[in-house]
Every structure is written in structure tokens, then in C-alpha cells.
Amino acid sequence: MEHLTVDVAIIGGGTAACAAAVALREAGLTVALLEKRLCGAGASGVNFGGVRQQGRDFSELPLSQRARVLWDGLNAKLGEDVGFEATGHIKLARSEADMAVLEAYARDAAGHGLDLQLLGPNALRAEMPWLGPAVVGASLSPTDGQANPRVVGPAFARLARRLGAEVREHAPVRHAAQDGAGFTVEAEGVTVKSRSLVNAAGAYGGVVAGWFGETAPVAPLSPNMVVTEPLSPLVTRSIGVVGGDVYVRQTRRGNVVLGGGRGTADVADGLARPVSATSLGAMGKTLTLIPDLAHAQVIRSWSGLDGEMPDHIPVIGPSSTTPGLVHAFGFSGHGFQLGPAVGEILAELVTQGRSASPLQPFRIERFAAWRGPYRSEGEIEH
């Protein structure tokens, strides 16, 4: 058994965790990050890849807006191309009731500093003539876009290593505890002692919180995803719909990525699998939006394991029971865009005890009296 002593131990290896390791090393602290499998292979790497502000709970918008600024400089910071493109995110209405939802959201979003463009059927088809007749209008967030989720988390992990962080993969954490000397984290093959502890354990964040006497009712969430063969350029925007039951984008290479519904998850083994009937349903809904995809060949489907909170916003902030412990988990299917900013926020909480971003809505104390039952619902478009 190896023994490490560092300033900060991080449980989890998603984008937020790895970005936190980078920020903490930039602040001069020693760091050990412990990931049960591979960095970026969990929720951070299996999602849709949407980099969007539109459609979020308004409590998340300050974090999302902070993150959006970081995405512009991410290639330079990481020294790698993560595929970010500001293609715009367009949310489609398939009924007049849907359009009323978009109009109300745009009106309220303007009060939070997010400017959205409402498009009627004529303006929408002038730009996107390939949309099907089911679409009656849309809301466009022109500065949003997309990136490659499979490369972002690993790129942060590589940067963290270059900066001197101890990044351990295939090192599942068995337990963590605090005593007068700080934290002790027991993982596969290594024991880490640290002054501070970051719980970024994704779907297992509630388990880690429970070790310190805190309630966090995390449920598994598994997006059901499909990708086609490379096609000629067609889908010019990252697309969502009111209700969140399908979402579509096209990569630089030409592959069309689409999702909708949920796969199946085995929390015990940490794996998730797509459901064929769900994939077929998402494909059918996609064709009502983009009929020209009818002859595209699907080459792969997949799922993954995320954590979902009952109110569909994450837990981010200091522990309510344990000084030196901070949390960031339960991103409920829309954490991909937030990851780089959440990493900075975690470093602020560790080094300063506070963050420049408003975190009150995300505090774990909101579940202190939770008695359930858990209800899983809401949009899961990353």
C-alpha cells in the first residue's frame, strides 16, 4: 500500500474534478486525484457535448456564463483541440404551446443577462430549410455551441499531471474520514492524507457525502446516445427541443450525434447501457425534425452514468458538517458546459473558503430534511 500526503485530495476524475486539480496546482497546492476508472470516462465523456447556456435553471446561469468565457480559451489553456465551436444552440418548438414556453423563458432570461433570439417559422426556415414541418418556431442562443466530450476531461487530466498533480486512475475510493490531522482517503493501492477534500464523485457523490453525515439523494441518470456515419454538412446548429426528449448536433467530421430518453444503469458496477427501443424512438423523433437524415447509417449507440438530484440542479459548495470538505456532484444531465468553471470554483472554496460565483442554491443543506421519495424527471440534454 502506497501512502501520499498532499494539501488536497479529490475523489472523482470528471472534467470538474480535473479542472479543479489544474486550478489548485496553479494556486501552488499539492494535489492527489483518485478516479475509479479513467479520467473523463464517466458522465463527462458520454454526454451529448452541448456547450449551452440556454434552457438552464436560472440559478445555474451565473456559473454557465462564467464557463462560457472559459470555453473560448480552452484550446490554448489545455494545449489541445477539444472541438469547441460556437455554432449556436437552437431550441425548437413543435407546437404553439412550446413556442409560448420559449417566449416566456427568453423574457425571463433577459433579466439574467442572457439574450436569446426568437424565430418564427419563416425566419427559421430561411436559415434552416431542412427542418421538418413539425417545427413551428425556435429560440436561438447564438454564442452557445458544442465540443467533443470524449477529449475535454482527459485533456484537463493531462494538464493537471504536467502541472505536478498526482492523478491516479483505476483507484476506486473505499472510504474517507476526517480526524484532527485532516482527511484520510483509502483507495485501491493507495492511502492519501490531506488537509482538504473535494467530493466530485458524480453518481457516487451522495455516498461520499454520507460518510460525513450529510444527506444527498442522488439517483442514477443514463443518457441514451446514438451517432451516425459521417455525412455531408447539414445540421448547422446544436439542436434541442422544448421538453428535452431529443437533441441533435453534427460534428466537424460529419457524424450526427443524437440522444433522447434514458439507458439502463447498474450503479453497483458503475456501467450503463443503451436501450434499443429508446434509440429507435430518438431516431424517429429526430426524423420529424430533420427528414433528410432518413438514410443515415447509425454506427454506434452508448450510455453512461451521471448523478441526478431531485430538483435537477447540482450540489456545489462546502460541507455542512465537515470543515475542509467541499462538494461538486449531481449535475443532473447538464454539467458538461459547467465543468471548467466548477473546477475554478472548487479551487476558490479550498483556498479562500468562498467563491466569486453565487452558490447558495446549490448548497447540500437543502436536503438536510430529505425523506424522499426520489422522482426522476426533467431534461437531460448536456
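Just so you know, these numbers come straight off a predicted model, no measurement behind them.
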query: Do Y247 and V241 have side-chain heavy atoms sitting under 4.5 Å apart?
result: no
query: Does NZ or CZ of K36 fall inside the cone over Y204's six-membered ring, less than 6.0 Å from its centre and within 45° of the axis?
result: yes
field: Nearest heavy atoms of A41 and V46, plus distance in Å
entry: O-CG1, 3.8 Å
message: Quick check against the 3.5 Å criterion: does R300 have a side-chain atom that pairs as donor or acceptor with the backbone of V226?
response: no
message: Within the 3.5 Å criterion, strictly below it, is a donor on Q337 or S64 matched to an acceptor on the partner's side chain?
response: yes
query: With a 4.5 Å limit on heavy-atom distance, are the side chains of H175 and W211 in contact?
result: yes
Donor-acceptor pair, side chain of R366 and main chain of R363, under 3.5 angstrom: yes
message: I'd like to know whether the aromatic ring centres of H334 and F336 sit less than 6.0 Å apart in this structure.
response: no
- request: Work out which heavy atom in L124 is nearest to a heavy atom in L119; give both atom names and the distance.
  value: CD1-CD1, 4.1 Å
message: Quick check: do L258 and M225 have side-chain heavy atoms less than 4.5 Å from each other?
response: no
- prompt: Would S301 and N224 count as having a side-chain donor-acceptor pair, cut-off 3.5 Å?
  reply: no
query: Do side-chain atoms of E35 reach the backbone of G13 as a donor and acceptor pair under 3.5 angstrom?
result: yes
query: Within the side chain of Q146, is there an N or O that forms a donor-acceptor pair under 3.5 Å with the backbone of A86?
result: no
field: D179 bridged to K193 by N-O distance under 4.0 Å
entry: no
- prompt: Does F58 have its ring centroid less than 6.0 Å away from the ring centroid of Y105?
  reply: yes
query: How long is the span from the CG atom in D72 to the CZ atom in F84, to the nearest 0.5 Å?
result: 5.5 Å
- request: Could you tell me whether a side-chain N or O of S303 sits under 3.5 Å from a main-chain N or O of P223, the two making a donor and an acceptor?
  value: yes
- request: Check whether any side-chain heavy atom of I11 lies under 4.5 Å from a side-chain heavy atom of L197, and answer yes or no.
  value: yes
query: Are any non-hydrogen side-chain atoms of L34 and V190 less than 4.5 angstrom apart?
result: yes
- prompt: Nearest heavy-atom pair of I364 and P318: which atoms, and what distance?
  reply: CG2-O, 4.3 Å
- request: Please test E308 against R262 for side-chain contact (heavy atoms from CB on, under 4.5 Å), starting from the C-alpha separation and ending with a verdict.
  value: CA-CA 12 Å; E308 184 176 27; R262 306 190 180 205; 2.9 Å; yes
message: If you compare all heavy atoms of Q250 against all heavy atoms of L234, which two are closest, and at what distance to 0.1 Å?
response: OE1-N, 2.8 Å
query: Checking E344 side chain against A67 main chain: does a donor-acceptor pair fall under 3.5 Å?
result: no
message: Would you say CZ of R37 has more than 12 non-hydrogen atoms from neighbouring residues, nucleotides or ligands within 6.0 angstrom?
response: yes
query: Are the side chain of R94 and the backbone N or O of V242 linked by a donor-acceptor pair below 3.5 Å?
result: yes
task: Taking all heavy atoms of A282 and all of V246, pick out the closest pair and write down the distance.
output: O-CG2, 3.8 Å
- request: Measure from NZ or CZ of R249 to the centre of the six-membered ring of F48, then state whether that distance is under 6.0 Å and the direction lies within 45° of the axis.
  value: yes
query: Does R161 use its side chain to pair, donor to acceptor, with the backbone of A165 at less than 3.5 Å?
result: no
- request: Would you check if V227 and V298 make a side-chain contact, meaning some heavy-atom pair closer than 4.5 Å?
  value: no
field: N47 and D306: CA distance, side-chain angles, deciding distance, side-chain contact (heavy atoms from CB on, under 4.5 Å) verdict
entry: CA-CA 9 Å; N47 62 81; D306 197 354; over 6 Å; no
query: Can you find a side-chain donor-acceptor pair between S139 and Q54 that sits under 3.5 Å?
result: yes
- prompt: When you check the gap from the basic side-chain N to the acidic O, do K77 and E26 get nearer than 4.0 Å?
  reply: yes
query: Do H89 and Q53 get their side chains close enough for a donor-acceptor pair, meaning under 3.5 Å?
result: no
query: Only one of M309, H327, E60 forms a side-chain contact (heavy atoms from CB on, under 4.5 Å) with P314, so which one is it?
result: E60
- request: Taking side chain to side chain contact (heavy atoms under 4.5 Å, CB included) as the test, write out the residues that go with D269, two or more places apart.
  value: D266, L271, R273
query: Just checking, is any N or O donor in the side chain of S196 or S194 under 3.5 Å from an acceptor N or O on the other one?
result: no
query: Quick one: does L29's side chain get under 4.5 Å of V350's, heavy atoms only?
result: yes
query: Can E348 and S355 be counted as having a side-chain donor-acceptor contact under 3.5 angstrom?
result: yes
query: Any luck finding a side-chain donor-acceptor pair between S320 and E214 under 3.5 Å?
result: yes
- request: Kindly give the heavy-atom pair with the smallest separation between N75 and V82, and that separation in Å.
  value: OD1-N, 3.0 Å
- prompt: So, do I10 and L24 sit near enough that their side-chain heavy atoms are less than 4.5 Å apart?
  reply: yes
message: If the threshold is 4.0 Å, N to carboxylate O, is there a salt bridge linking R168 and E2?
response: yes
- prompt: Looking just at side-chain N and O atoms, do R253 and N255 make a donor-acceptor pair shorter than 3.5 Å?
  reply: yes
- prompt: Does any N or O in the side chain of T322 come within less than 3.5 Å of the main-chain N or O of S319, such that one atom is a donor and the other an acceptor?
  reply: no
- prompt: Under the 6.0 Å and 45° cation-pi test, does R237 pair with W130?
  reply: no
